[in-house]
Undergrad: 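This is the structure I have questions about; it appears just below.
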Amino acid sequence: MNQIKDRQEEIIEEFSMLDGNMEMILNYIIELGEELSGFPDQERVDENIVKGCQSKVWLVASYANGRIQYKADSNAAITRGLVSLLVRVLNQSSPQDVIDAEVYFPKQIEMDRFIGTQRSNGFASMIKQMKMYAVVFLAKQKS
Amino acid sequence: MEVTAHEIDVQSLRKRFPILNQEVNGKPLIYFDNAASSQTVDTVVRSLIEFYEKDHANIHRGIHTLAERSTKKFEETRESVHLFINSPEADEIIFTKGTTESINLVAHSWGSINLKEGDEIILSQIEHHSNIVPWQLIAQKTGAKIKVIPINDRGELLIEAYEKLLSPQTKLVAFNYISNSLGTINPAKEIVALANEFDAVTLIDAAQASPHTKIDVQDLNCDFLAFSSHKMYGPTGVGILYGRRAMLEAIPPYQGGGEMIKDVSFDSTSYNDIPYKFEAGTPNIGEVIAFKSAIDFINELGHSVIESQENELLQYAMNKLSAIEGFIPIGTARSKAAVISFLVEGIHTYDLGQFLDAKGIAVRTGHHCTQPLMEHLGIDGTVRASFSVYNTKEEIDSFTNALRSIISKLR
């Protein structure tokens, strides 16, 4: 659980160094997205699209050794960067930790200021979908 | 007296729009979202303040001085709109809260007593949702069918195909004068004339046209015409519906309430005359009054000056943008308003919009409330830059430079 918190604190720290400069923030987000690697082409299908996002976001998750591995991608560069932040925060955590996680970094970095309300709603859909995967994995683990 | 285009001093014109003089994200604001809403001219803002500081009172039926004063000013705007669109009478001007409400009013009030199963409504492929959904709602209730005028690759309506759609079953033709997504200027007079051959009722959505083009409802010969104040340098919350007297008198009210009645008892109600029959409740009084200043502004400038200024900006921008590698214009009608919808190969429209905003440039991205059009074009949306009389070539230069730098970063 602390891991999720630590990673969020890291992100808040990184963004604070950008000094609220919108262009620098967007450039940084794009760079983060470029690091998001290895989304399998065969998973780029409609069933894996996160509903409620304005651009296309694909999300899949796998479960091994008690940890969730998320993979995500988007057809828009800024969205890909934003999605990479969520993957970074929640990846390799236990289902219970993901379910319990309070994702507070978007508010701290004032994300809606630079992505707008509509994209913020899409971001919320993304978090919800990631938590849904965790619920499913937890149920499977118990059964 | 009208001035010619080259005589306009854009810099002093811009001073009348104080909102333009600000920084957004540390850069001077460049406002290219005029097709969504134009900025408000200073005299409109002053009029709003004056109303709330001096004249505010509910209109009609008041005998005190403030009520008289606000009523008089409210009716002066009606008179002004009547002259602006050359309607035969001022009573044919109804105030609503926007173009959308104006269209809904007609769809509901006219449609509910004039449409039945087997009847047909003709719309065009390039309509805004506000000129599609109201007709779908009434079509569902009455069993009428919707037919759609197709477009060519330039985004122009195919008039021959439209002629084939027309038949004795056609009860209404509703279309936009200028497309908000593509800027296509439709041959409105011809479309109405063809509809009239089949005695079909016509409604023109003039939301995009009213700030740019001289509108003459008698020359157009349409039955209804709708537009909004906020796209004409005026306040939000004010829409206009023009309707022929005979049409307006023949159809039932849209909403019930105060103002629209003659006598009310629990057994029955008799309705007021037009236009009041359609103006239930307290309207946006201050905004309607202030709208007159926006009309005065357009009249003083003159439509021919506005048109030539905007055309010049359009041509200049198209030349600049066409030189950008991967620039794909969407909508290249031969008769076009100052709206440029476009894509850039390999880059998502939202990324472009977001990065432009970071550089202080306001454009619109998305489907522009024309999803059937976007589906027809096989795209999710576009970036749309729309110019107004206060925009400059320097702003277009900054815009194209910004676009180039964003593209080089995102490719």
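Quick caveat, the model's predicted, so the values are computed rather than measured. Reminder, nothing fancy here: chain letters follow the sequence lines and each chain counts from 1.
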Undergrad: Could you tell me whether A:Glu14 atom CD has more than 12 heavy atoms of other residues or ligands within 6.0 Å of it?
TA: yes
Undergrad: Report the distance from atom CG of B:Asp351 to atom OG1 of A:Thr79, rounding to the nearest 0.5 Å.
TA: 6.0 Å
Undergrad: Less than 4.5 Å to any heavy atom of chain B: does that hold for the side chain of A:Asn27, its backbone, both, or neither?
TA: both
Undergrad: Please flag which part of A:Ile78 lies under 4.5 Å from any non-hydrogen atom of chain B: side chain, backbone, both or neither.
TA: both
Undergrad: Would you find more than 12 non-hydrogen atoms of other residues, nucleotides or ligands less than 6.0 Å from A:Glu43 atom CD?
TA: yes
Undergrad: side-chain contact (heavy atoms from CB on, under 4.5 Å), that's the test. Do B:Gln354 and A:Leu26 meet it? Break it down for me.
TA: CA-CA 8 Å; B:Gln354 202 88 65; A:Leu26 292 181; 4.0 Å; yes
Undergrad: Would you say CD of B:Gln22 has more than 12 non-hydrogen atoms from neighbouring residues, nucleotides or ligands within 6.0 angstrom?
TA: yes
Undergrad: Could you list all the salt bridge (charged side-chain N to carboxylate O under 4.0 Å, His left out) pairs where at least one residue sits in residues 376-390 of chain B, not counting sequence neighbours?
TA: B:Asp33-B:Arg384
Undergrad: Return yes when atom CE of A:Met132 has more than 12 non-hydrogen atoms of other residues, nucleotides or ligands closer than 6.0 Å, and no otherwise.
TA: no
Undergrad: Does anything in residues 401-411 of chain B reach chain A? List residues with heavy atoms under 4.5 Å apart, or say none.
TA: B:Lys409, B:Leu410
Undergrad: Would you find more than 12 non-hydrogen atoms of other residues, nucleotides or ligands less than 6.0 Å from B:Ile19 atom CD1?
TA: no
Undergrad: Is the shortest side-chain heavy-atom distance between A:Met22 and B:Asp357 below 4.5 Å?
TA: yes
